[in-house]
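Structure, as C-alpha cells:
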2 protein chains.
Amino acid sequence: MKKVPEGTISRLFIYLREITELARMNIRTISSAELGERTNLSDAQVRKDLGYFGHFGVSGAGYDTNELKQALEKILGKDKTWNVAVVGVGQLGSALISYSGFKKHGLQFIAALDADTKKVGKKVGEITIESIGELPKVVSNKKITIGIIAVPAEGAQEVAEKLMAAGVECLLNFAPVSLNVPENVKVKDVDLSRELETLSYFLANKK
Amino acid sequence: MKKVPEGTISRLFIYLREITELARMNIRTISSAELGERTNLSDAQVRKDLGYFGHFGVSGAGYDTNELKQALEKILGKDKTWNVAVVGVGQLGSALISYSGFKKHGLQFIAALDADTKKVGKKVGEITIESIGELPKVVSNKKITIGIIAVPAEGAQEVAEKLMAAGVECLLNFAPVSLNVPENVKVKDVDLSRELETLSYFLANKK
DNA sequence: TAATATTTGTGAAAGATTGCACAAAGTCTG
DNA sequence: CAGACTTTGTGCAATCTTTCACAAATATTA
Ligand SMILES: NC(=O)c1ccc[n+]([C@@H]2O[C@H](COP(=O)([O-])OP(=O)(O)OC[C@H]3O[C@@H](n4cnc5c(N)ncnc54)[C@H](O)[C@@H]3O)[C@@H](O)[C@H]2O)c1
Ligand SMILES: NC(=O)c1ccc[n+]([C@@H]2O[C@H](COP(=O)([O-])OP(=O)(O)OC[C@H]3O[C@@H](n4cnc5c(N)ncnc54)[C@H](O)[C@@H]3O)[C@@H](O)[C@H]2O)c1
C-alpha cells in the first residue's frame with residue numbers, strides 16, 4: 001500500500017466526526033464538496049484522503065454516510081479499545097482523567113500515577129491514584145498501551161523511561177521538553193505554550 | 001522576505017527553550033549539530049530554520065548561546081505581552097488559568113468567562129469568573145487579543161462568534177469541532193481526542 | 001432511453017518542506 | 001602563521017503534500 005500521510009489520518013478523524021453527526025441527523029448521502037465545506041477542507045483533499053483506503057463513493061451521488069461511517073471506523077480501529085495511564089495527577093492530569101469524551105473513542109483511562117505520597121490513595125473520578133513506584137506492575141496488570149506524561153518538565157524524561165521500560169510504546173507528552181526515545185516508540189507532543197506562542201507570533205507579525 | 005514555513009516558527013520556540021537552558025548552564029556556544037541532537041532535529045534543519053532570519057552563527061565555532069537567545073526572543077516577539085481570555089471555566093479552562101508557565105512566555109491570562117451563573121463571581125487563582133454576557137466589555141476593557149475556547153462542542157461556534165464580534169482575531173480552540181471563521185481570524189485547534197486517536201491508530205497499524 | 005448534470009477517483013502539475021553536499025569562513029594547534 | 005579541522009550558510013535535489021483537471025461512472029430528468 002502507498003504511504004499514507006500522517007495528516008490524512010488526522011483528517012480522517014475529522015471526517016468521521018462530521019459523518020457521525022450527519023448520520024445522526026438522518027442525512028443519507030454527502031458529496032466530497034459538502035463534506036469539505038463542513039470541515040474547512042477542499043473537496044479534492046477529502047477525495048484524496050479517502051482514496052488511500054478504497055472506493056467509498058458513488059459517482060454522481062457522493063458518499064453514503066452510514067457506509068462511510070462504518071468504513072472509517074474500521075480503518076481507524078474504532079472497534080478496538082486502548083488502556084491509558086496518566087502519570088502526574090496535577091491540574092492537567094486531573095482534567096484529562098475526568099473528561100468523559102475519551103471513552104467514546106475507545107480510550108479507557110484506567111490508571112493514574114503520581115510521585116506525591118499525599119496524593120496516592122486519593123481518587124480522581126473513578127480512578128485511585130497509585131504510587132509511581134507501582135508503575136511497572138500497573139502497566140503490566142492493566143495492560144496499558146498508552147502513557148500520558150503530565151508531570152513538570154524536569155521529570156518528563158524520567159517518566160518516559162519508566163513507561164518505556166515497562167513496555168509502553170505510545171506516549172502523549174504535555175511537558176515542554178524534547179523527549180529522547182528509541183525508534184520503536186511513538187511520541188506525540190502537546191505543547192500548549194508553543195501553540196499559544198505561535199498564535200502570538202502571528203499576531204505580532206501580521207500586517 | 002521569503003515565506004517562512006509555519007513549522008519553522010514552531011521549531012524556533014523549541015530552539016529558544018533549549019538555548020535558554022544552555023545559557024542558564026553557562027554553556028557559551030553550541031553547533032547546529034548539537035542543538036539538533038538535543039531537540040531531535042537534523043543539523044541542516046536547524047541551520048535552515050535560523051537562516052530565514054539572518055546570520056547568527058560563526059563558521060568553525062557555532063552559535064553563541066546568549067546572542068542566539070536574544071535574537072530568537074526578538075524574532076519571536078518575546079518582548080511583547082498578550083492578554084488572554086478563557087471562555088468556559090470547567091476542568092480544562094481551570095487547569096489553563098492556574099498554570100503558571102504561560103506568564104514567562106508573555107501570555108497574561110486576565111479574564112475568565114462562563115455561562116454558568118453559579119460559577120460567575122467565583123475565583124480561579126487570581127481571576128474572577130465573569131458572565132459570558134460581559135464578553136464585549138471585558139474584551140475591550142482588558143484589551144484581550146487571544147481567546148481560548150474551552151466550552152463543550154455545541155457552544156464553541158457561538159463563543160467564537162462572540163469573541164470575533166468583540167474584535168478578537170486569535171483563537172485557541174479545545175472543542176472538537178471545525179470552527180467557521182473569516183480569513184483574518186487565526187484559529188489553532190488543540191484536539192486532544194484526535195491526538196490520542198492518532199496514536200492509537202499507529203498502535204493498531206504497526207507491524 | 002437518451003441527453004444532461006453530478007460527482008468520483010486519480011494521474012499529473014504545482015507547491016511546500018526537508019535533506020544533501022560543499023564552498024567559504026572561521027577556529028585551533030604547533 | 002600555515003595547515004588541519006570545524007562548522008556555517010545555501011543552492012539544488014529529493015521528498016512529501018496539496019491542488020488541478022478531467023475521463024469515467026452514475027444519477028436525474030423528460
Ligand atoms: N496546566 C496547564 O494548563 C498546562 C499548560 C501547558 C503545559 N502544561 C504542562 O503539563 C505538565 C503538567 O502540568 P500541571 O499544571 O498539571 O502540573 P502540576 O504541577 O499541577 O502537576 C504535576 C503533577 O506531577 C506530579 N509529579 C511530579 N514529578 C513526578 C514524577 N517524577 N513522577 C510522577 N509524578 C510526578 C506532581 O506530584 C503533580 O501532582 C507540565 O509539564 C506543564 O508544563 C500544563
Ligand atoms: N477536559 C479534558 O481533558 C478535555 C479533553 C479533550 C477535549 N476537551 C474539550 O475541551 C472543552 C472543555 O472541556 P472541559 O472538560 O473543561 O468541559 P467542562 O464541562 O468541565 O467545562 C465547560 C465549561 O464551559 C461552560 N460553558 C458551556 N457553554 C458555554 C457558553 N456557551 N459560554 C460560556 N461558557 C460555557 C460550562 O458552564 C462549563 O463551566 C470541551 O469542548 C471538551 O470537548 C476537554
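Every chain is numbered from 1, with letters handed out A, B, ... down the list of sequences.
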Original post:
Taking protein heavy atoms under 4.0 Å as touching, what does nucleotides 18-26 of chain C look like 5' to 3' if B marks base contact, S marks sugar-phosphate-only contact and - marks none?
Top reply: BBBB---BS
**OP:** May I ask you to check whether A:Arg38 and B:Ser178 show a side-chain donor-acceptor distance below 3.5 Å?
**Re:** no
Subject >> Exercise: do B:Asn184 and B:Glu169 side chains pair donor with acceptor under 3.5 Å >> reply: yes
What is the distance, to the nearest angstrom, from the [atom1] atom on [X] to the [atom2] atom on [N]?
X	N	atom1	atom2	value
A:Glu67	C:dT8	CD	P	14 Å
A:Glu34	C:dT6	CD	C1'	12 Å
B:Leu35	D:dG9	CG	C1'	16 Å
B:Asp64	D:dT7	CG	P	15 Å
A:Asp43	D:dC20	CG	C1'	10 Å
A:Ile30	C:dT6	CD1	C1'	15 Å
A:Lys3	D:dA14	NZ	P	19 Å
B:Phe53	D:dT8	CZ	P	18 Å

**OP:** Give a yes or no on whether a salt bridge exists between B:Lys48 and B:Asp43, defined as a side-chain N under 4.0 angstrom from a carboxylate O.
**Re:** no
**OP:** For the residue pair B:Leu12 and B:Tyr52, establish whether any side-chain heavy-atom pair is separated by less than 4.5 Å.
**Re:** no
Subject >> Short side-chain N/O contact to D:dT10 OP1/OP2 from B:His55, under 4.0 Å >> reply: yes
Original post:
Side-chain N or O of A:Ser31 less than 4.0 angstrom from OP1 or OP2 on C:dT7?
Top reply: no
**OP:** Please work out whether the ring planes of A:Phe53 and B:Tyr201 are parallel, tilted or perpendicular, with thresholds of 30° and 60°.
**Re:** perpendicular
**OP:** Indicate the atoms forming the closest heavy-atom contact of A:Lys119 with A:Gly90, along with that distance.
**Re:** NZ-CA, 3.8 Å
